[in-house]
*Asks:* 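I'd like to ask some things about the structure below.
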Amino acid sequence: MHNVSHLECIKCGRRYAARPDRYTCDACGDAGILDVIYDYDYIARRVSREAFEDNRDYSMWRYMPFLPVEEGSARRPLRVGWSPLYRAEALGRVLQLDNLYVKDDGLNPTGSLKDRASAVAVLKAMEAGADIVACASTGNAASSLAGNAAALGLRSIIFVPKRAPEGKVAQLLIFGATVISVQGSYQDAFRLSAQAIEKWGWYNRNAAINPYLVEGKKTVSLEICEQLGWQIPDWVVFSVGDGCTIAGGWKGFLDLYRTGLTDRLPKMVGVQAEGCCPISRAFHTGRPVEPVEENTLADSIAVGVPRNPDKALLAVRDSGGTMVNVSDEEILAAMGLLGATTGVFGEPAAAAALAGLRKLVADGAIDRHETVVLCVTGNGLKDIANAIRASGELIRVPPDLEYVERALKRLELRG
Ligand SMILES: *Cc1c(COP(=O)(O)O)cnc(C)c1O
Ligand SMILES: [Zn+2]
């Protein structure tokens, strides 16, 4: 990895060699999250806008010069990344935004942005010589690890909290994972996975702990920028659970800036659920992050004890962005609005980002002329129960046209 210089603790600045199984800082423990530090001069000599134009690899691996994996070290069987960026005019009209884009990361192989991290995790596991990869997850990290591991012939062992939606658990089982359903919260599942990983020495895909995973997630921003013709949006909106996704999003924009491919940076918006908002509370109060209940239907961001709040807070603060909370009702409304105005089906945690954006526009924090990218982080098909709660009634009729006509009359849709 000639592009990587070293790993650096975001708390104390200690440096470590970038070995595949180096997770956190020895001096700071679990709070000592490491950041991958690159040699940007080295990268800058190997990338250009023109070269990207000719690059036929339509996946996250087109950004190989920015990624912390050995070149040619392993196969990359699944097509992760290069998800579409749509111009969302109808949704923009509802929100009163003239330049709104939707990045649909629910179209990744296992249906969420987490595939970007898992694709890196399985390669790092192979570099480390591991046969088994493990993680705890609210659902998407798990299903994406299981899918990406299956594609490379690795075994996966997954710890999920009991609230994980059925769709995600079904994915785990289909991908052949060993699934341990922890009858407790995400916190409980995380703790148990950490103990088991320590005891049996599996490769650790817990995103906050493993510094390489945020690097996979950052490819979403590299794509956004390239898809916008190398323009940097004014705002980029993500929902926030552990904090790794928004941290990755920010890292991608920093990388582009530091290699000179772009000359500005966007403001990052982090959205949390009202019933579980430890990071946004810390952002607004300036106090340390404190554990909270996990009280929201948006399971992917129901993280009461976030594992990567520092990187998330740095992303929002350094970018001059902000954080906002949304209620479950607002999330359900946003889920319906997103689907009906864009044709993109987002899961509740993805719709939360839209609900947050809606609030910020209504409050005047975001101006209608500014360019905004909304990241849809997970596919709504994973959580049908909440989708049905979010949407309207069916029209039930006997198989007779007359009843259809009556129903249409009632809806004033005829002709
Ligand atoms: C994981 C996830 C998030 C939040 O990512 P964090 O790294 O936990 O902050 C948001 N939306 C979806 C769909 C997710 O799966
Ligand atoms: Zn440290």
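Residue numbers start at 1 and run along the sequence shown.
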*Asks:* Looking at D35 and K251, does any basic side-chain N land under 4.0 Å from a carboxylate oxygen?
*Replies:* yes
*Asks:* Identify the heavy atoms of G304 and P278 that sit nearest to each other, and give their distance.
*Replies:* O-CG, 3.9 Å
*Asks:* Are there more than 12 heavy atoms of other residues, nucleotides or ligands under 6.0 Å from atom CD1 of I384?
*Replies:* yes
*Asks:* Looking only at side chains, do Y101 and R87 share a donor and an acceptor under 3.5 Å apart?
*Replies:*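 Indeed, the side chains of Y101 and R87 share at least one donor-acceptor pair under 3.5 Å.
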*Asks:* Just one of V305, V303, V160 clears the side chain to side chain contact (heavy atoms under 4.5 Å, CB included) bar with Y186, so which one?
*Replies:* V303
*Asks:* Hey, what do you get for CE (M323) to CG (L360), rounding to the nearest 0.5 Å?
*Replies:* 11.0 Å
*Asks:* Give a yes or no on whether the backbone of N204 and the side-chain of N210 come within a donor-acceptor separation of less than 3.5 Å.
*Replies:* yes
*Asks:* Between D105 and T377, is there a side-chain donor-acceptor contact under 3.5 Å, judged purely by atom types and distance?
*Replies:* no
*Asks:* Is the shortest distance from a Lys or Arg side-chain nitrogen in K168 or E166 to a carboxylate oxygen in the other one below 4.0 Å?
*Replies:* no
*Asks:* Distance-only, no hydrogens or angles: does the N140 side chain make a donor-acceptor pair with backbone N or O of S112 under 3.5 Å?
*Replies:*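 No, N140 side chain to S112 backbone: no donor-acceptor pair under 3.5 Å.
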*Asks:* In chain order, what residues pass the ring-ring contact (aromatic ring centres under 6.0 Å, His included) check against Y23, with sequence neighbours excluded?
*Replies:*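 Residues passing ring-ring contact (aromatic ring centres under 6.0 Å, His included) with Y23: Y203.
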*Asks:* Is it the case that R62 places NZ or CZ above or below the six-membered ring of F52, under 6.0 angstrom from the centre and within 45 degrees of the axis?
*Replies:*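 Negative - R62 is either too far from the ring of F52 or too far off its axis.
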*Asks:* Taking R358's backbone N and O only, do any of them form a donor-acceptor pair with E330's side chain (distance below 3.5 Å, no angle check)?
*Replies:* no
*Asks:* To the closest 0.5 Å, what do you measure between NZ (K218) and CD (E215)?
*Replies:* 4.0 Å
*Asks:* Any chance you could lay out the side chain to side chain contact (heavy atoms under 4.5 Å, CB included) test for L91 and L97, step after step, and finish with the verdict?
*Replies:* CA-CA 8 Å; L91 180 57; L97 282 174; over 6 Å; no
*Asks:* Please say whether the positively charged group of R281, taken as NZ for Lys or CZ for Arg, lies over the ring of F283, i.e. under 6.0 angstrom from the six-membered ring centre and within 45 degrees of the axis.
*Replies:*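 No, cation not above the ring by the 6.0 Å, 45° rule.
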*Asks:* Would a distance-only check, ignoring hydrogens and angles, find a side-chain to backbone donor-acceptor pair under 3.5 Å from N206 to A136?
*Replies:*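 Yes.
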*Asks:* For A315, is there any backbone N or O sitting under 3.5 Å from a side-chain donor or acceptor partner on D318?
*Replies:*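 A pair under 3.5 Å: no.
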*Asks:* Run the numbers on Y63 and E226 for side-chain hydrogen bond (donor to acceptor under 3.5 Å, both in side chains), then give the verdict.
*Replies:* CA-CA 11 Å; Y63 303 109; E226 188 178 352; 2.6 Å; yes
*Asks:* Could you tell me whether H2 atom NE2 has more than 12 heavy atoms of other residues or ligands within 6.0 Å of it?
*Replies:*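 Open: at most 12 neighbouring heavy atoms sit under 6.0 Å from NE2 of H2.
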*Asks:* Does any part of the side chain of P348, heavy atoms only, come nearer than 4.5 Å to the side chain of L332, both counted from C-beta?
*Replies:*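 The answer is no, as the side chains (C-beta and beyond) never meet within the 4.5 Å cut-off.
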*Asks:* For the atom pair OG1 (T219) and CZ (R116), what is the distance rounded to the nearest 0.5 Å?
*Replies:*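 Here the interatomic distance stands at 4.0 Å.
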*Asks:* Is the closest side-chain donor-acceptor distance between R368 and N99 under 3.5 Å?
*Replies:* no
*Asks:* Give a yes or no on whether the backbone of G81 and the side-chain of N108 come within a donor-acceptor separation of less than 3.5 Å.
*Replies:*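 Judged by distance alone, yes, a pair lies under 3.5 Å.
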*Asks:* Got a salt bridge between E8 and R15, using NZ or NE/NH1/NH2 to carboxylate O under 4.0 Å?
*Replies:*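 Here E8 pairs with R15 in a salt bridge, since their nearest N and O are under 4.0 Å apart.
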*Asks:* With salt bridge (Lys or Arg N to Asp or Glu O under 4.0 Å) as the test, would you mind laying out the steps for K267 and D234 before giving the verdict?
*Replies:* CA-CA 6 Å; K267 293 190 271 277; D234 296 300; 5.8 Å; no
*Asks:* Main chain of D367, side chain of E370: is a donor-acceptor contact present, judged purely on distance under 3.5 Å?
*Replies:* yes
